[in-house]
Amino acid sequence: MKKYNFNAGPSMLPREVIENTAKQILDFNGSGLSLMEISHRAKDFQPVVDEAEALIKELLDVPEGYAVIFLGGGASLQFTQVPANFLINKAAYLNTGTWANKAEKEAKLYGEVVEVASSKDANYTFVPKGFDVPADADYLHITTNNTIYGTEIRKDLDVPVPLIADMSSDIMSRPVDVSKYDVIYAGAQKNMSMAGVTVIILKTDKLGKAPRQLPTMLNYLTHVEKGSMFNTPPVVPIYSLLETMRWVKKNGGVEAMDKLAKQRAEIVYGEIDRNKLFKGTVAEEDRSLMNICFVMNEEYAELEKPFLEFATERGMVGVKGHRSVGGFRASCYNAQTIEGVNALVAAMKEFEAKH
């Protein structure tokens, strides 16, 4: 039976990315050594880092004055690395979900934090709007897509202070005006690579101004000056990232990814809204195109487990919703196919017909 991967992360990768990475794991660049065992300082590996960096800059149209670095630690390390480097007097945070809340908590270890708005009391079912950002804040931190609750900020905000964004789960899915951000960071295991590497895009003239002595590894300058090579980088995930960036470019870039994301979402949300068994969980204007969350209508609540079993039997993988929301979650990152979402919709229709 064919499997359709809707996992929220680590998530689906293009098949050719998996196959090409697997070939290099067996024999990297004809060297007779595995990608898993080569030195990160080997002459054949530096071009991998250089091309991956160049493709990210090309695909996102990154302007001059920005650096791209590859680190470990996931977005969770960035929750602390961002305020360590940029929180001088006061930072502003928009609380739109679990990961935004975690980032805000870490920032409080470094200084004053102002929560400009939150949808926590409504179980994060919408993205707050019309909030004020203190003009004296060092930065505003946002999380553009919320994997657990299924909301997304699909535009670049205009704010009176530097903007920093966690784009872990929607980077490369749409065009972004990078010039509006001082920092963009993303754990790569959604749209960019396998788990293990974090991509950080930084405005370089904002570095080196922290009012505290930073541990060497927490200082962004350390990694910018060493081209991500201060310590051993995650070699295999960086190669996987390179293959994924090649795939994105070959398939039309972020503009094409954006078009496909909208097509997939229209198919799945259309069925959620049509099908009498199901309903969406968030405000329609804030629905994520990456993580489509839905539950059973109240009168059919007892069918939640049977539908999960039914969908699983038909090849759907990873459609169970996060425990804090319940129900179901169809994660539709760049590698997800129209065939995949059509298979999910077919299962929803068939289940409706039976009940």
Side-chain angles (χ1 to χ4, degrees), residues 8-9 75-76 78-79 82-83 87 90-108 112-135 137-171 173-174 176 180-181 183-187 190 261-262 265 268-269 272-273 278-298 320-333:
S76 293
Q78 296 309 302
F79 297 165
V82 162
L87 201 164
K90 177 170 61 181
Y93 277 70
L94 177 63
N95 185 3
T96 52
T98 297
W99 305 111
N101 192 48
K102 287 178 182 289
E104 182 178 324
K105 179 181 177 182
E106 294 297 303
K108 291 177 181 177
E112 182 182 356
V113 172
V114 176
E115 185 175 271
V116 296
S118 174
S119 52
K120 184 176 181 178
D121 289 346
N123 203 32
Y124 298 119
T125 53
F126 67 95
V127 175
K129 302 167 189 68
F131 51 84
D132 294 319
V133 180
D138 298 314
Y139 61 85
L140 171 67
H141 179 282
I142 63 172
T143 304
T144 54
N145 184 72
N146 301 288
T147 55
I148 291 175
Y149 300 93
T151 61
E152 187 175 10
I153 302 170
R154 289 191 59 80
K155 63 180 181 179
D156 303 307
L157 302 183
D158 291 307
V159 292
V161 300
L163 186 60
I164 295 177
D166 175 359
M167 292 190 181
S168 292
S169 50
D170 64 349
I171 195 169
S173 71
R174 59 182 172 87
V176 172
K180 290 189 175 183
Y181 301 84
V183 182
I184 294 171
Y185 64 89
K190 320 284 188 184
K262 290 172 181 174
V268 181
Y269 282 122
I272 291 169
D273 294 338
F278 304 100
K279 67 175 181 179
T281 58
V282 302
E284 287 192 26
E285 68 271 17
D286 297 324
R287 283 175 163 178
S288 170
L289 305 192
M290 300 289 99
N291 306 101
I292 299 174
C293 297
F294 57 106
V295 296
M296 288 289 176
N297 271 309
E298 287 83 356
K320 184 177 182 179
H322 191 271
R323 59 186 177 276
S324 60
V325 179
F328 316 100
R329 173 174 53 180
S331 294
C332 297
Y333 301 119

Across all chains, not counting sequence neighbours, the side-chain hydrogen bond (donor to acceptor under 3.5 Å, both in side chains) partners of Asp166 are Ser168

Results of salt bridge (charged side-chain N to carboxylate O under 4.0 Å, His left out) for Lys90 - residues two or more places apart only
Asp136

Partners of Tyr269 by ring pair (Phe, Tyr, Trp, His ring centres under 6.0 Å), sequence neighbours excluded?
none

List in chain and number order the residues that pass salt bridge (charged side-chain N to carboxylate O under 4.0 Å, His left out) with Lys105, two or more places apart in sequence or in another chain; answer none if no residue qualifies.
none

Going through the checks in order, is the side-chain contact (heavy atoms from CB on, under 4.5 Å) test met by Cys293 and Val282?
CA-CA 8 Å; Cys293 297; Val282 302; 5.7 Å; no

Please list, chain by chain and in numerical order, all residues satisfying salt bridge (charged side-chain N to carboxylate O under 4.0 Å, His left out) with Asp273, sequence neighbours excluded.
Arg287

Parallel, tilted or perpendicular: which describes the rings of Phe79 and Tyr185, with under 30° parallel and over 60° perpendicular?
perpendicular

Looking at residues at least two apart in the chain, or sitting in another chain, which of them share a side-chain hydrogen bond (donor to acceptor under 3.5 Å, both in side chains) with Lys108?
none

Within the 4.5 Å heavy-atom criterion, are Ser324 and Ile148 side-chain neighbours or not?
yes

Which distance, rounded to the nearest 0.5 Å, do you find between the CG of Leu94 and the CD1 of Ile142?
7.0 Å

In terms of side-chain heavy atoms, does Thr147 have a donor or acceptor partner in Asn291 at a distance below 3.5 Å?
no

Run the side chain to side chain contact (heavy atoms under 4.5 Å, CB included) test against Ala92 and tell me which residues pass, sequence neighbours left out.
Val116, Val133, Pro134, Ala137, Leu140

Heavy-atom pair of closest approach, residues Asp170 and Ser173
O-OG, 2.5 Å

Who passes ring pair (Phe, Tyr, Trp, His ring centres under 6.0 Å) against Tyr149, sequence neighbours left out?
Tyr124

Using salt bridge (charged side-chain N to carboxylate O under 4.0 Å, His left out) as the criterion, list what pairs up with Lys102, not counting sequence neighbours.
none

If you define the side chain from C-beta out and look only at heavy atoms, does anything of Arg329 sit under 4.5 Å from Ser288?
no

What verdict does the side-chain contact (heavy atoms from CB on, under 4.5 Å) test give for Phe278 and Met296, after you've listed the backbone C-alpha separation in whole Å, the side-chain angles of each residue and the deciding distance to 0.1 Å?
CA-CA 4 Å; Phe278 304 100; Met296 288 289 176; 3.4 Å; yes

Rounded to the nearest 0.5 Å, what separation is found between the OH atom of Tyr181 and the CD1 atom of Ile164?
12.0 Å

Less than 4.5 Å apart, side chain to side chain, heavy atoms only: is that true for Leu157 and Lys180?
no

Measure across Ala135 and Val161 and return the closest heavy-atom pair with its distance rounded to 0.1 Å.
O-CG1, 3.7 Å

If I take atom OG1 from residue Thr151 and atom CG from residue Asn145, how far apart are they, to the nearest 0.5 angstrom?
7.0 Å

Let me confirm one number: the OG1-CG distance from Thr143 to Asn95, rounded to the nearest 0.5 Å.
8.5 Å

Who passes ring pair (Phe, Tyr, Trp, His ring centres under 6.0 Å) against Tyr139, sequence neighbours left out?
Tyr93

State, with a plain yes or no, whether a side-chain heavy atom of Met290 is found less than 4.5 Å away from one of Glu152.
yes

Minimum-distance pair of heavy atoms, taken over all atoms of Ala117 and Pro128
CB-CB, 3.5 Å

Is the shortest side-chain heavy-atom distance between Val295 and Lys279 below 4.5 Å?
yes

According to salt bridge (charged side-chain N to carboxylate O under 4.0 Å, His left out), does anything in residues 137-149 pair up with another residue at least two apart or in another chain? List the pairs.
none

If you round to the nearest 0.5 Å, how far is CG of Asn101 from CG of Asn146?
11.0 Å

Nearest-0.5 Å distance that lies between atom CG in Asn297 and atom CD1 in Ile272:
11.0 Å

Heavy-atom check, side chain of Thr98 versus side chain of His322, under 4.5 Å
no

Could you walk me through whether Thr144 and Val176 pass the side-chain contact (heavy atoms from CB on, under 4.5 Å) test, one step at a time?
CA-CA 11 Å; Thr144 54; Val176 172; over 6 Å; no

Provide the full list of salt bridge (charged side-chain N to carboxylate O under 4.0 Å, His left out) pairs with a residue in residues 119-130, sequence neighbours left out, each pair given once.
Lys129-Asp286

